[in-house]
Enquirer: 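Got a structure for you, written out below as structure tokens; questions coming shortly.
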Amino acid sequence: MSLSTRYNPQETEPKWYDHWEKNKYFRSEPDDREPFTIVIPPPNVTGVLHMGHMLNNTIQDILIRRARLQGKNACWVPGTDHASIATEAKVVRKLRAKGIKKSDLTREQFLEHAFEWKKEYGGKILDQLKKLGASCDWERTRFTMDDSMTRAVIKVFVDLYKKGKIYRGLRMTNWDPAAQTALSNEEVIYKDEHSQLFHIKYPIEGSPEEGIIIATQRPETIMADTAIAVNPNDPRFKHLVGKKALIPLIDRAIPIIEDGYVDIEFGTGALKITPAHDQNDYEVGQRHNLEIIDILHPNGTLNEHAQILVGEDRFVARKKIKKLLEEGGYLMELENYTTSIGHSERTDSVVEPRLTKQWYVDMKNFAATALQAVKSGEVKFYPENMWNMYYQWLNEDNIRDWCISRQLWWGQQIPAWYIRSEDGGRLSADGEELAFVGVDIEEALEEAKKQTGNNDLTTADLIQDEDVVDTWFSSWLWPISVFDGFENQEELKYYYPTNTLVTGWDIMFFWVARMIMSGYEWSEDLLGADLNGKQPFNDVYFTGMVRDNKRRKMSKSLGNSPDALQLIENYGADGVRFGMLSCSSAGNDIIFDAPFDPETKKALNESKLCEQGRNFCNKMWNALRLIKGWEVADIEQPAINELAVKWIKDKTDMIVADIEKNFAQYRLSDALMCLYQLIWGDFCSWHLEMIKPTYLGEGKSEPLDRKTYEATIEIYEKLMVALHPFMPFVTEEIWHQLRNRKEGNDCIIQRYPAAGRVDKALISYVEKAKDAISRIRETRNSKGISPNEPLNLFVESTESSKSLFDQVGIKDMLMKLGNLSALSFTETKPDSTISFLSGTEKYFLELNIEIDKEAESKKLNEEKKRIEGFLTGVQKKLGNERFVNNAPAPVVEKEKKKLADGQEKLRLIEKALKSLEY
RNA sequence: GGGUCGUUAGCUCAGUUGGUUUAGAGCGCUGCCUUGACAGGGCAGAGGUCACUGGUUCGAAUCCAGUACGACCCACCA
């Protein structure tokens, strides 16, 4: 057999992924085993794999694969989210490119186009996850607009309505003029922006020479003003209160009123009140019964109420009105000003506050429940301090009702119907439109008959609400609805609650909190006696945001994100998984340092960390090549091999225990680093070097004894299983290369290694030997002596050195790895040797060169000084009565040992210095 | 305005409830080593008064208070 000198992920990764899928290793069905369940945070159906997904899904895959290796029934449910605003915007754009306007289509026609688009581009991201190695149960793939999911949404809507937790209300909401829909508060992103504060003079009615100057950053809205307000305690304007001012350019008279909301210090102290276009102005308007004049079309252009600049976009209008105001002599001053402006999360357009009728979920009780769930520990956050952010949003002072209606077509249509009035509109009573909620039109009809007392109504009299619900109104049901839990609880009772949710903290409010709410709201009703907990998941692992080396969030517009798929292409999925994980300590944002190409202004698809991961694969691959290349014979096991095998077994068990601890705390990058060092450092650099058969020349080596060979293969297998969750492909490949496997004997379904009993003394002896070997090499290095030249070594005969060299194989280890011709005990320093310390052992290395006594003595004196300083510290500590009396006994013992060891070292150095004098 | 987190080697980060020979890893850097698993490699080395100032303690990178700088969340913003 001949293996290529480099590991080739491009070849092995698709091979093993297909193999796993064919063998249905990712498939989960309820059985007797303990379940381990993760539901994926569903990516946008038309999305493309980015760095955040890679981090997120690598972590989920590690947890799932480890659970599978622990013999649990691992179930990872994948799926996608319909992302109504973003997707609808994409479809509208695509149709426009074809010359089709959304307004020319019926709802049905539009949805047809949208589903076609979904069919064509949707779910690509799931294929990309496969490239990463994600071991999802693909047969369970769900989409938030699947029929069963939609039925769940409708059911839940009706249920909440009947419980009085959903209501319809006229309120100021955030309006996205690009998507032309209402938004929830969470969908508005505030950004600091430079703008200007316009100081505008409004003439006083009846005395044109007088005026009142207001400050605003939105001069285009003055036509919607219905008052000017000043603070009741502001003496400057007392004489004007009660009079009327004329809006510049349109000369409409508005009252000058007093309201405590106005800040005397800010701007000019006089505030224009525009109830239709500002939340606070709206409230002032309510207090003073002011008229509401809305001058904007839903798309952000000025309507006829504005009287001037009709049809202009609000930002164009701002520029134009500035000129008009200047020309009219109304613009008194322009002040530079920084303020935060709300943008739509999905379309980035500037959000308008707008008075509209929308559906809301009453959040008061939900918020309390969600807080309690985490407070009580039923849902645990990792890292714990995420609680603070969670609390801040959910506490009763901050929580706002959730606006769930969206003026879109792509989504679940709201299950509310109105009675068609004679003019084609909706029938009202007392100024309120009558709405009837039901799971379908028949149920709504019954409701309508009951409420109106009109039994002649038919479905033809009803018209359904045009709006759809917020996408998050379907995703908050995800942990239940992926198991069709609202219709059939068979699977839910096995899989619910799920184990761990892995997600970014940026969607804590959008999604995590709301899933907790929905879990507590419905799981008990659904599961009854079969309920294992109301919480939708036991643990939430919040990943950091992936940022570039300037700490900016990775985004398309900045071009600072490498192409995730290209990275996989370049380094292999295992390499990228390693790279992602090694820069992501739990809870912190992760800095993914990809070099930047100044010419294209884009991140290159390169990464040092991924390279390290790729190199790690290669290292393991070459260890395999080495082992496979050995000739094995039935000969006696040499002492050094006996030691090597015993040691690496124990060392592995020791590290496996550390890994267990790390997993328990979601310290995945630590767990990976443990394995990295165990495999590269201990297994390759020490174990394999120890057992490596002597080279005889001409491509031939001595054979290796079978016992050592078998043990080494076993250890390597164990290491591959332990590493498998992190780097699934390379471990599966090596697993199969190590032995001829029967069908179905795959790494992915082995049992994860468990920690065993460890001989700590043995490990410490080998550590001593390793250190001595390093000192030999260092001495060689500094004296310019080749590692190939065998040298004679002496060790000072002491109790401790004798017990060290009593260990089976230790002497051979030093001989072999230190390349020694002889090693013997001595009482005194032999001639032409140079001494060094390793631990408390003193060694003398025979060199066939002139020894620079001066340099040696200088070096020894430096070391002496260092140890003396150290000893002073320890002695001071031990001389302190309070330390000896107060510190725990083991600590005092340790200090005493430090003192004794230090003194021994000092003795050795002094001896060496003395011997130099001759 | 309210709140959270961070500051440890040139860079990115560990440091597990204060005490394992006066701080660890990876990358980067320096020196030496190529026909023998791997130069995507080996061996060795240099590099830190743990942001600053006080305090608690026998003992502080670790606990407390304050300062500085940085990142973020929520609310408000004419």
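Quantities reported herein were computed from a predicted structural model and do not represent experimental measurements. For the numbers below, each heavy atom of this structure counts, side chains included, while hydrogens, waters and symmetry mates do not. Sequence lines set the chain letters: A, B, ... in the order given, protein chains first and strands last, and positions in each chain run from 1.
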Enquirer: Measure from the side chain of A:F883, starting at C-beta and using heavy atoms only, and say which of B:A78, B:A37, B:C58 lies closest.
Expert: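 That would be B:C58.
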
Enquirer: Does A:D901 pair with A:K905 as a salt bridge, N-O distance under 4.0 Å?
Expert: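 The answer is no: the pair does not qualify as a salt bridge.
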
Enquirer: Classify the ring geometry of A:Y337 against A:F266: parallel below 30°, tilted from 30° to 60°, perpendicular beyond 60°.
Expert: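 A:Y337 vs A:F266 ring planes: perpendicular.
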
Enquirer: Can any side-chain N or O of A:R236 pair as donor or acceptor with the backbone N or O of A:A270 at less than 3.5 Å?
Expert: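 Judged by distance alone, no pair lies under 3.5 Å.
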
Enquirer: Nearest-Å distance, CZ (A:F578) to C1' (B:A25)?
Expert: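 About 11 Å, once rounded to whole Å.
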
Enquirer: Checking A:D225 now: which residues fulfil salt bridge (Lys or Arg N to Asp or Glu O under 4.0 Å) with it, not counting sequence neighbours?
Expert: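 Counting only residues at least two positions away or on another chain, A:D225 forms a salt bridge (Lys or Arg N to Asp or Glu O under 4.0 Å) with A:K272.
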
Enquirer: Looking at B:G40, I'd like to know if its phosphate oxygens (OP1 or OP2) sit under 4.0 Å from a side-chain N or O belonging to A:R6.
Expert: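 For B:G40, OP1/OP2 do have a side-chain N/O of A:R6 under 4.0 Å.
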
Enquirer: Can you give the dot-bracket line for RNA chain B, using ( ) for pairs inside the strand, [ ] for pairs that cross earlier ones, | for pairs with another strand and . for unpaired bases, where Watson-Crick and G-U count if both distances are under 3.5 Å?
Expert: (((((((..((((.....[....)))).(((((.......))))).....(((((..]....))))))))))))....

Enquirer: With a 4.5 Å cut-off on side-chain heavy atoms, are A:I256 and A:F237 touching?
Expert: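 Sidechains of A:I256 and A:F237: no contact.
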
Enquirer: Parallel, tilted or perpendicular: which one describes the rings of A:Y390 and A:F381, with boundaries at 30° and 60°?
Expert: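 The arrangement is perpendicular - the two ring planes meet at more than 60°.
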
Enquirer: Select from A:S774 and A:I341 the residue whose nearest nucleotide in RNA chain B is closer to the 5' end of that strand.
Expert: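 Comparing both residues, the 5'-ward one is A:S774.
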
Enquirer: Between B:G40, B:G36, B:C74, which one does the side chain of A:Y695 approach most closely?
Expert: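 My answer, after comparing the listed nucleotides, is B:G36.
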
Enquirer: Considering only side-chain heavy atoms of A:N398, which listed nucleotide, B:C74, B:G42, B:G31, is closest?
Expert: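 Minimum distance to the A:N398 side chain belongs to B:C74.
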
Enquirer: Can you check whether A:R882 has a side-chain N or O nearer than 4.0 Å to OP1 or OP2 of B:C58?
Expert: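 For B:C58, OP1 or OP2 has a side-chain N or O of A:R882 closer than 4.0 Å.
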
Enquirer: Suppose you measure atom C1' in B:C73 against the same atom in B:C58; what distance do you get, rounded to whole Å?
Expert: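 Nearest-Å result for B:C73 against B:C58 at atom C1': 42 Å.
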
Enquirer: Does a side-chain N or O of A:W387 approach OP1 or OP2 of B:C73 to a distance below 4.0 Å, or not?
Expert: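 Negative; the distance criterion is not met.
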
Enquirer: By the 4.0 Å heavy-atom rule, please label A:N388 as base, sugar-phosphate, or nothing.
Expert: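 Sugar-phosphate contact only.
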
Enquirer: Would you say A:K783 places a side-chain N or O within less than 4.0 Å of OP1 or OP2 belonging to B:C32?
Expert: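 Negative; the distance criterion is not met.
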
Enquirer: Has A:S782 got a side-chain N or O lying under 4.0 Å from the OP1 or OP2 atom of B:A44?
Expert: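 Answer is no, no contact under 4.0 Å.
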
Enquirer: Does A:E689 have any salt bridge (Lys or Arg N to Asp or Glu O under 4.0 Å) partners at least two apart in sequence or in another chain, and if so, which?
Expert: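 A:E689 satisfies salt bridge (Lys or Arg N to Asp or Glu O under 4.0 Å) with A:K692 once adjacent residues are dropped.
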
Enquirer: Just checking A:Q392: base, sugar-phosphate only, or nothing, at a heavy-atom cut-off of under 4.0 Å?
Expert: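 Counting heavy atoms under 4.0 Å across all strands, the contact made by A:Q392 includes a base.
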
Enquirer: Taking the side chain of A:N622 as its heavy atoms from C-beta onward, which of B:C73, B:A37, B:U21 lies nearest to it?
Expert: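 Selected nucleotide (nearest to the side chain): B:A37.
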
Enquirer: Please state whether the rings of A:Y676 and A:F616 are parallel, tilted or perpendicular, taking 30° and 60° as the class boundaries.
Expert: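 Because their plane-to-plane angle is over 60°, the rings of A:Y676 and A:F616 count as perpendicular.
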
Enquirer: Using the C1' atom as the point on both nucleotides, what is the distance between B:C52 and B:C13, in whole Å?
Expert: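 Comparing C1' positions in B:C13 and B:C52 gives a spacing of 22 Å.
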
Enquirer: Go through B:G3, B:C38, B:C43 for me and flag the one nearest to the A:S685 side chain.
Expert: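 Of the options given, the side chain of A:S685 lies nearest B:C43.
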
Enquirer: Just call it for A:Y337: base, sugar-phosphate, or nothing, with non-hydrogen atoms closer than 4.0 Å on any strand.
Expert: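 Sugar-phosphate, backbone atoms only, no base.
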
Enquirer: Closest approach to the side chain of A:R625, judged atom by atom: which nucleotide of B:G26, B:U20, B:C38 is it?
Expert: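 Within the option list, the nearest is B:C38.
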
Enquirer: Mind checking the C1' distance from B:A78 to B:C72? Whole angstroms is fine.
Expert: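 Rounded to whole Å, the distance is 28 Å.
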
Enquirer: Using only side-chain N and O atoms of A:K692, determine if any of them is under 4.0 Å from OP1 or OP2 of B:A37.
Expert: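 Yes, A:K692 has a side-chain N/O under 4.0 Å of OP1/OP2 on B:A37.
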
Enquirer: Given the P atoms of B:G41 and B:G28, what is the spacing between them in whole Å?
Expert: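 One P to the other, the span is 9 Å.
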
Enquirer: Is A:E778 side chain donor-acceptor paired with the B:G45 base, going by distance under 3.5 Å alone?
Expert: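 No pair found.
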
Enquirer: Can you tell me if A:S838 and A:D771 form a side-chain donor-acceptor pair at under 3.5 Å?
Expert: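 A:D771 and A:S838 do have a side-chain donor-acceptor pair below 3.5 Å.
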
Enquirer: Tell me what A:V884 touches on the nucleic acid: a base, only sugar-phosphate, or nothing, going by heavy atoms under 4.0 Å.
Expert: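 The answer is nothing, as A:V884 stays clear of every strand by at least 4.0 Å.
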
Enquirer: For a quick check of understanding: with a heavy-atom distance under 4.0 Å over all strands, which category does A:E895 fall into, base, sugar-phosphate or nothing?
Expert: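 Nothing, no nucleic acid heavy atom in range.
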
Enquirer: Using the P atom as the reference point in each nucleotide, state the distance between B:G18 and B:A44 in Å, no decimals.
Expert: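 Comparing P positions in B:G18 and B:A44 gives a spacing of 35 Å.
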
Enquirer: Closest-nucleotide mapping onto RNA chain B: is A:A270 or A:Y7 further toward the 5' terminus? I mean the 5' end.
Expert: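 Upstream on the strand: A:Y7.
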
Enquirer: Could you tell me how far B:G47 sits from B:A25 if I compare only their P atoms? Round to whole Å.
Expert: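 To the nearest whole Å, 14 Å.
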
Enquirer: Just compare B:A37, B:G3, B:C27 and give me whichever is closest to any side-chain atom of A:E689.
Expert: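 That would be B:A37.
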
Enquirer: By nearest atom, which of the nucleotides B:A37, B:G40, B:G45 is closest to the A:R775 side chain?
Expert: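 Comparing B:A37, B:G40, B:G45 against the side chain of A:R775, the answer is B:G45.
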
Enquirer: So do A:N819 and A:P787 actually touch side chain to side chain, heavy atoms under 4.5 Å?
Expert: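 No, too far: nothing below the 4.5 Å cut-off.
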
Enquirer: Any side-chain N or O of A:N615 less than 4.0 Å from the OP1 or OP2 oxygen of B:G41?
Expert: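 Answer yes for this pair, as a side-chain N or O of A:N615 is under 4.0 Å from OP1 or OP2.
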
Enquirer: Work out how far the C1' atom of B:G59 is from that of B:A14, and round it to whole angstrom.
Expert: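 To the nearest whole Å, 23 Å.
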
Enquirer: Base, sugar-phosphate, or nothing: which does A:K608 touch, judged by heavy atoms less than 4.0 Å apart?
Expert: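 It contacts sugar-phosphate atoms only.
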
Enquirer: I'd like the P distance from B:A61 over to B:A9, given in whole Å.
Expert: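 Comparing P positions in B:A9 and B:A61 gives a spacing of 15 Å.
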
Enquirer: Looking only at the side chain of A:L271 (C-beta and beyond, no hydrogens), which of the listed nucleotides B:C72, B:C5, B:A78 gets closest?
Expert: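 Nearest listed nucleotide: B:A78.
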
Enquirer: Checking contacts here: which listed nucleotide (B:A78, B:A37, B:C74) is nearest the side-chain heavy atoms of A:D263?
Expert: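 Nearest nucleotide to the side chain: B:A78.
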
